[in-house]
Protein chains: 2
Amino acid sequence: MASLDRSLISGLSVFDGIALADLDRIISQARSIRIPRDQPVFEQEQEAHSFFLLLDGHVRVVKSTPDGHEVTVRYISPGELMGIASALGRTTYPANAVAAADCVVLAWPSQLWPTFAASFPSFSANTYKVVGSRLQDAHARVIEMSTEQVEQRVAHALLKLVKQSGKKTEEGILIDFPISRQDIAEMTGTTLHTVSRLLSAWEDQGLVKSGRQRVVVVEPHRLVVVAEERGSKS
Amino acid sequence: MASLDRSLISGLSVFDGIALADLDRIISQARSIRIPRDQPVFEQEQEAHSFFLLLDGHVRVVKSTPDGHEVTVRYISPGELMGIASALGRTTYPANAVAAADCVVLAWPSQLWPTFAASFPSFSANTYKVVGSRLQDAHARVIEMSTEQVEQRVAHALLKLVKQSGKKTEEGILIDFPISRQDIAEMTGTTLHTVSRLLSAWEDQGLVKSGRQRVVVVEPHRLVVVAEERGSKS
DNA sequence: CCGGCGATTTGCGCTGGCGCAAATTGCAAG
DNA sequence: CTTGCAATTTGCGCCAGCGCAAATCGCCGG
């Protein structure tokens with residue numbers, strides 16, 4: 001792990017409050033790995049030998065059910081941890097992680113975690129903060145699935161992606177990695193058909209522009225309106 | 001916290017691997033609180049002043065959405081931790097917790113957490129294991145909501161409750177606290193009407209017996225079949 | 001023993017969104 | 001440029017499950 005631009009890394013929120021010397025010691029024990037698009041980073045049920053920090057690219061975390069369904073748990077953006085099973089006392093990964101685009105990751109052997117946690121309390125605290133927010137996300141997701149219609153869920157999903165990985169272009173905000181209707185369907189618990197219909201409708205209204213594995217949100221504001229529509233029941 | 005039967009407490013999985021002396025030090029810093037049925041243990045958005053261990057009773061953890069929906073996140077059984085926001089770096093509780101039956105809880109001030117974590121590594125590890133399994137649960141829940149029909153979700157919910165809080169009776173296995181159709185609906189993302197219809201149907205088939213705020217699972221095996229039915233798609 | 005109220009049941013009609021299937025399109029390799 | 005394949009679009013029919021509403025039922029306080 002010699003030649004990594006440390007200035008890039010030290011700004012990450014995972015390393016908040018960590019002395020530079022400590023940061024060096026942490027980073028020096030990581031391996032840097034390139035993972036080409038569509039290759040796995042780690043796999044469900046596999047022994048959790050490492051935990052990771054995504055430096056570049058995007059990773060899709062997916063759970064497969066025994067009966068063949070796939071549910072996308074989340075997308076990981078640069079700067080985020082993943083595969084931190086070891087911090088939660090698990091010995092296997094709970095999901096599949098595949099590169100949604102070419103990626104660069106740092107990988108630490110899992111057995112380093114206890115040492116890290118003891119030696120670098122801030123690192124541990126930051127990690128658990130991440131866990132906490134993922135738990136929040138998961139619950140938020142359950143709530144969405146329980147209370148919202150498909151249209152709103154898809155709108156929310158797009159907005160989330162935009163926030164996470166949006167890149168300004170002249171057309172609007174582009175989701176910065178290849179994403180198919182099927183992928184969006186797996187995020188929102190619907191079918192690619194329904195997603196396609198929604199995107200077509202939104203495209204007609206000028207809310208988005210989309211093509212093969214590509215979505216540009218033209219009018220985030222109006223999409224927010226769609227996402228919040230149909231409050232009812234109050 | 002003088003007079004608590006420590007033998008009861010020391011067996012809890014949260015305290016696995018903790019020396020008795022340490023256990024004493026931990027417990028001696030807790031307050032024991034009685035909470036009557038339907039009273040809150042802690043509330044969403046409120047400052048997370050304490051974290052808790054449920055000793056007796058049952059607690060329902062519920063999230064309220066701004067638009068008035070309520071989604072039940074989980075039920076807590078005796079021996080489980082709750083309100084551990086502080087371990088995840090949160091300063092407020094993420095949900096409401098209300099006593100589903102009269103309860104006894106131990107409460108520790110949140111500011112004790114960092115000390116505990118540092119002084120009793122096993123306690124910390126056990127806690128994070130709990131967090132890990134809750135994250136699992138939440139994801140499992142998302143997957144259920146994405147891939148299963150209402151009937152299967154309700155069946156799963158009942159089985160979960162049975163596993164958590166089932167009590168053998170001559171009729172079958174009773175869910176050991178008052179639970180309404182509405183409550184089950186909030187656990188499964190459906191309406192009390194649909195839950196009522198399902199329970200009625202199952203009652204006709206002899207799978208369950210149910211009454212006002214009361215459910216007895218007569219034939220868990222056959223309920224499991226219902227829960228797994230309709231695999232399809234493979 | 002008698003209201004009164006919250007919980008539950010049940011009927012009925014409607015519809016969001018899925019399943020199926022066929023047509024079309026855009027990308028990429030040769 | 002051509003061919004092949006994967007991604008996408010779109011039409012059509014159907015049904016699980018919700019919304020609404022009315023009727024019952026069972027428990028608790030007085």
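Order of the sequence lines fixes the chain letters, A, B, ..., with proteins taken first and strands second; residue numbering starts at 1 for each chain.
Across all strands shown, T191(B) has heavy atoms under 4.0 Å from sugar-phosphate atoms exclusively, and none from any base. Using a 4.0 Å heavy-atom distance criterion, S196(B) is classed as a base contact. As judged by a 4.0 angstrom heavy-atom cut-off over every strand, R181(A) is placed among residues touching the sugar-phosphate backbone only.
Toward the 5′ end of DNA chain C lies the nearest nucleotide of L199(B), the other residue of the pair L199(B) and G189(A) mapping further downstream.
At whole-Å resolution of the value, CD in E203(A) and C1' in dT10(D) are 15 Å apart. With rounding to whole Å, K209(B) atom NZ is found 14 Å from dT9(C) atom P. One atom, CH2 of W202(A), and another, P of dT10(D), lie 15 Å apart when rounded to the nearest Å. Remark: C1' of dA6(D) and CD1 of I179(A) are 17 Å apart, rounded to the nearest angstrom. To the nearest angstrom, C1' of dC18(C) lies 12 Å from CZ of R153(A). Taking atom CG of D204(B) as the reference point, atom P of dT8(C) lies 17 Å away to the nearest angstrom. One can place CG of L192(A) at 11 Å from C1' of dG19(C), the figure rounded to the nearest angstrom. Whole-Å rounding puts the E151(B) CD to dC15(D) P distance at 16 Å.
Just one of D102(A), V59(A), L161(A) meets the side-chain contact (heavy atoms from CB on, under 4.5 Å) condition when paired with F177(A); it is L161(A).
For the residue pair E47(A)/T92(A), the side-chain donor-acceptor check at 3.5 Å is not satisfied. Defined by atom type and a distance below 3.5 Å, a donor-acceptor pair is missing between the side-chain atoms of T194(A) and R181(A).
The side chain of R212(A) lies closest to dT25(C), out of dT9(D), dT25(C), dG17(D).
The phosphate of dA7(D) has neither OP1 nor OP2 within less than 4.0 Å of any side-chain N or O from Q182(A). Remark: S200(A) is in phosphate contact with dT10(D), judged by side-chain N or O atoms under 4.0 Å from OP1 or OP2.
Summarising the geometry, atom CD belonging to E80(A) is positioned 9.5 Å from atom CG belonging to L53(A); distances are rounded to the nearest 0.5 Å.
In the interface, the side chain of R197(B) is paired with the base of dG19(D) through a donor and an acceptor atom under 3.5 Å apart. In terms of polar N and O atoms assigned as donor or acceptor, the side chain of H193(A) never comes within less than 3.5 Å of the base of dT8(D) in a complementary pairing.
Between the side chain of T169(A) and the main chain of E171(A), a donor-acceptor pair closer than 3.5 Å is present.
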